[in-house]
Amino acid sequence: MSSLLNNLIVTDPSGSSRKESGGNLIHLQQRPTEDMATQGNRGRLRALASGGGSMCLEEVVIGEEIPYPYEVIQESAEYLLSGTRHRPKIGVICGSGLGGLADQLDERDVFPYESIPNFPVSTVVGHAGRMVIGLLSGVPVMCMQGRFHAYEGYPLWKCAMPVRVMKLMGVEQIIVTNAAGGLNPGFKVGDIMIIKDHINMQGFAGDSPLRGRNDERFGPRFPAMNNAYDKNLRDMAKKIVADMNLSDVVQEGVYVMLGGPTYETVAELKLLRVVGVDAVGMSTVPEVVVARHCGMKVFAFSLITNQCIMQYDTDATANHEEVIEVADKRKKDLQELACRLIVKMAVVDQDG
Ligand SMILES: O=P(O)(O)O[C@@H]1C[C@H](O)[C@@H](CO)O1
């Protein structure tokens with residue numbers, strides 16, 4: 001048995017796993033809570049063939065993972081609150097390559113995701129994987145420097161679980177950012193698209209971060225999703241970009257989230273354009289759905305990091321390196337936009 005354990009992969013119910021080769025140490029990144037275990041999520045070991053004549057054991061999840069109950073989210077929130085004197089009412093989720101905003105915070109407290117009870121971990125390049133809480137121009141904010149995507153193996157509710165943690169910490173308004181491909185032919189690489197609406201593709205297929213038993217302490221069973229993207233915040237942002245002389249690179253449009261991790265085929269893109277999509281990405285929608293469910297005001301934007309490729313006869317391809325590179329070039333403008341918006345959001349919040 002010990003030779004089997006020499007090459008062991010342990011997978012927690014979220015799918016995050018550690019491979020331990022050459023040792024018998026089993027490291028579960030996150031233990032299933034008792035609640036989850038009693039609801040049929042307990043893992044079992046599965047033998048897998050691997051190269052080099054060795055054997056892998058993988059713990060697999062049996063059945064569907066149950067979303068964390070209120071008390072589990074509360075535990076994460078209390079942990080963060082006990083580790084900082086800041087009491088943010090504004091939260092920010094930083095998209096691919098856009099985490100630099102968090103480094104601008106003063107008097108910041110930094111929590112790697114691994115250290116926060118019940119938190120998933122980031123696995124994508126350009127997502128540092130830390131919660132940063134501090135002051136931006138004197139306003140307390142909490143920034144997710146890295147988010148969770150469905151393609152990493154997380155269920156939608158887990159991708160959006162930090163939004164509920166923010167809610168229980170007192171956050172009332174959230175800024176969600178992402179990198180996206182520009183599908184609208186009028187968009188250029190480097191443009192900033194203020195999101196005015198989204199198409200929830202996963203919802204069409206019967207999946208939702210709100211799927212499962214509803215806890216009214218978070219929000220209603222059937223939340224409305226028109227006006228998901230707050231009109232006042234969008235108007236405020238438009239004034240700010242005009243002041244920054246950025247109006248010519250700012251667009252407004254409809255975002256769609258696909259599951260990824262593949263970029264889209266030409267046929268898929270043509271279909272999406274027909275139904276009114278302006279920008280294509282792999283995130284944001286679950287976070288916005290959960291934020292609206294628990295009554296937060298939402299502002300979101302996409303940085304257009306690449307043009308979607310709509311022709312068959314080209315060698316050009318979308319790639320993550322380009323996404324990170326374009327994000328890096330635009331980061332100063334985006335940080336200033338977010339910073340100015342946060343200051344105005346805080347004033348509006350104070351005035352009620
Ligand atoms: O986290 P976001 O949505 O900004 O990241 C986008 C979507 C994929 O994760 C990645 C593809 O390049 O960038």
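Order of listing sets the numbers, starting from 1, for every ligand and every atom in it. The analysis underlying the following values was restricted to heavy atoms, covering all of them including side chains, and did not include hydrogens, waters or symmetry mates.
Shortest non-hydrogen contact noted between Leu105 and Ile133 is CD2-C, 4.0 Å.
Regarding atom 7 (C) of ligand 1, its nearest protein heavy-atom neighbour is Met282 CB, 3.7 Å. When hydrogens are left out, the protein atom nearest atom 13 (O) of ligand 1 is Ser96 OG, 3.1 Å; that is the closest non-hydrogen contact. Among protein heavy atoms, atom 11 (C) of ligand 1 sits closest to Tyr263 OH, 3.3 Å. Of the protein's non-hydrogen atoms, the one nearest atom 9 (O) of ligand 1 is Tyr151 OH, 2.6 Å. Summary of contacts: the protein heavy atom closest to atom 1 (O) of ligand 1 is His149 NE2, 2.7 Å. Of all protein heavy atoms, the one lying nearest to atom 3 (O) of ligand 1 is Ser283 OG, 2.6 Å.
Close approach of ligand 1 to Gly95 (heavy-atom distance below 4.0 Å) involves ligand atoms 4 (O).
No more than 12 heavy atoms of other residues, nucleotides or ligands sit less than 6.0 Å from atom NZ of Lys239.
Residue Val323 touches ligand 1 through its side chain alone, judged by heavy-atom distances below 4.0 Å.
Taking only nitrogen or oxygen atoms, main chain and side chain alike, Asn178 does not reach within less than 3.5 Å of ligand 1. The shortest N or O to N or O distance between Thr177 and ligand 1 is not under 3.5 Å. In terms of N/O distances under 3.5 Å, ligand 1 is not approached by Val124. Polar contact check, Tyr255 against ligand 1: no nitrogen or oxygen pair lies under 3.5 Å apart.
Outside the 6.0 Å centre-distance limit, the rings of Phe111 and Phe119 are not counted as a close aromatic pair.
Just one of Pro286, Pro67, Ser208 meets the side-chain contact (heavy atoms from CB on, under 4.5 Å) condition when paired with Leu156; it is Pro286.
A donor-acceptor contact closer than 3.5 angstrom is absent between the side chains of Asp278 and Gln251. Between the side chains of Asn178 and Ser283, not a single donor N or O lies within less than 3.5 Å of an accepting N or O.
Tyr229 and His198 have perpendicular rings, their planes meeting at more than 60° on a 0 to 90° scale where under 30° would count as parallel.
Taking the ring centre of Phe218 as origin, the terminal cationic atom of Arg164 falls inside the region bounded by 6.0 Å and 45° from the ring axis.
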